[in-house]
Amino acid sequence: MKLYLAGNFPVMKDPVKERDFRDTALGETDEWRRLLSYFYPKDIQTVIDMRREEINGGK
Amino acid sequence: MTTNLLLDSGAYSAKTQMKKLDIDDYIQYINNNLDVFPTYSYFNLDVIGDGDKSYQNYLYMKMKGLYPIPVWHAETQTQFLELYLKQTDYIAIGAISVMSNQRTISSLDHVWETFLTESNGMPVCKVHGFGLTSLFIMTRYPWYSVDSTSWVQFGRYGVILVPHTRSGDWVYNENPHIVTVSSKSPRKGLRGKHFDTFPEVVKLKMIQYIESRGFTLEEVANNHLARDKINMLYYISVEASMPDWPWKLVPKSKTEDVI
């Protein structure tokens, strides 16, 4: 079973906090899984940007 | 790649806020972000409680060249579930959390046994459980994937989840202790609810768990982000304790405790 973490906008919107949570999770599992909601496009943009960075070879 | 995303339309949020989502805008948004949301990493624009409209939206998105995961709402007509199953090998079940637990379990037992498993109990396709709040439901069925906000919700109420132990190991496939740790909680003083009221030997075990996750009792008591993080780690351990997918659905007692 793959668990996608949903919600927690205060963390999701803040790249420092989101990275901190991601890095903590990756200490225990091999994927950082997030469920994003199109209804809140501004709140999910940070996570999309992080994913795009990863695709383009950044951290 | 270490990040894996799923995109939900947010239909439920839109409905509760009495707003409408435009399917063409949603399609455009996905098309603008296809590098981040490839095939089967976004859901259909579902219409809460309307199986027919949800299905029409699914067909429309496919006609526009997308590959959404269809969302079937528990307790809408099963004919639409059957239509989805003929067209894709990854579906989602939504509107689970809005039902009461016993009703949810009866409904999900029926759907899983009738439509989602072969005669040998193995799942017929990948199934996503939308917005699961119950660990019992999360671990009862052979979901391919699930999503949950529970890791955040518990923390907001000043609560952390602490696994029981067996032979010295933390056990993640049973209901945990649900422990209020916040010093500001109105549950402070409630026996068996707040940390302060547990027997010393149990408190020591709880502190051992908290420290094994890299936190102190003071941190999780006073910092909601620390509670979010320790609860996130709890759920990740639940995930890790599950058998590799696919696994066989085994009919279980309906009288077990539900959280």
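Chain letters run A, B, ... following the sequence lines, proteins first, then strands; residues in each count from 1.
- Looking at every heavy atom in both residues, B:W151 comes nearest to A:R34 through CZ2-NH1, 3.6 Å.
- Using a 4.5 Å cut-off between heavy atoms, B:L225 contacts chain A through both its backbone and its side chain.
- Atoms CD and CD, on A:E28 and B:E239 in that order, are 11.0 Å from each other to the nearest 0.5 Å.
- Counting heavy atoms of neighbouring residues, nucleotides and ligands inside a 6.0 Å radius, atom CZ of A:F9 exceeds 12 of them.
- For a residue to count as touching a neighbouring chain, one of its non-hydrogen atoms must lie under 4.5 Å from one of that chain's; by this rule B:F43 touches chain A with the side chain only.
- In this structure, CG in B:D228 is found 4.5 Å from CG in A:N8, a value given to the nearest 0.5 Å.
- Neither the backbone nor the side chain of B:A240 comes within less than 4.5 Å of any heavy atom of chain A.
- Looking at A:L26, only its side chain comes within 4.5 Å of chain B, counting heavy atoms on both sides.
- Looking only at side-chain heavy atoms (C-beta outward), A:L5 and B:D147 stay at 4.5 Å or farther from each other.
- Rounding to the nearest 0.5 Å places OG1 of A:T29 at 10.0 Å from CE of B:M232.
- Residues A:R52 and B:N33 have side chains that bring a donor and an acceptor to within less than 3.5 angstrom of each other.
- Every residue was checked against the ring-ring contact (aromatic ring centres under 6.0 Å, His included) condition with B:Y235, not counting sequence neighbours, and none meets it.
- Contact annotation: the side chain of B:M242 never approaches that of A:L3 to less than 4.5 Å [non-hydrogen atoms, C-beta and beyond].
- Residue-environment remark: OH (B:Y157) stays at or below the threshold of 12 foreign heavy atoms within 6.0 Å.
- There is no side-chain donor-acceptor pair under 3.5 Å between B:T2 and A:E31.
- Partner of A:Y38 under the side-chain contact (heavy atoms from CB on, under 4.5 Å) criterion, chosen from B:D8, B:I30, B:L7: B:L7.
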Check: What's the verdict on side chain to side chain contact (heavy atoms under 4.5 Å, CB included) for A:W32 and B:L5, showing C-alpha distance, side-chain angles and the deciding distance?
Finding: CA-CA 8 Å; A:W32 174 236; B:L5 304 178; 5.8 Å; no
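- Side-chain contact between B:F37 and A:L36 is present, with heavy atoms from C-beta onward closer than 4.5 Å.
- With chain B as partner, the option from A:S37, A:P10, A:G7 having the largest number of non-hydrogen pairs under 4.5 angstrom is A:S37.
- B:Q17 touches chain A through its side chain: at least one heavy atom from C-beta onward sits under 4.5 Å away, while N, CA, C and O do not.
- Annotation: cation-pi pair B:K19/A:F39 absent, no NZ/CZ under 6.0 Å from the ring centroid and within 45° of its normal.
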Note to self: The test is side chain to side chain contact (heavy atoms under 4.5 Å, CB included); show your working for A:M1 and B:W245 and say whether it passes.
What the structure shows: CA-CA 6 Å; A:M1 181 188 79; B:W245 189 90; over 6 Å; no
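- Residues B:T3 and A:R22 have side chains in contact (heavy-atom distance under 4.5 Å, counting atoms from C-beta outward).
- Per-residue counts of heavy-atom pairs under 4.5 Å with chain A were compared for B:S9, B:G155, B:G214, B:P246; the largest is that of B:S9.
- Between A:R51 and B:D35, none of the side-chain N atoms (NZ, or NE/NH1/NH2) sits under 4.0 Å from a carboxylate O, so this pair counts as no salt bridge.
- The local environment of CD in B:Q208 is crowded, with over 12 non-hydrogen atoms from other residues, nucleotides or ligands closer than 6.0 Å.
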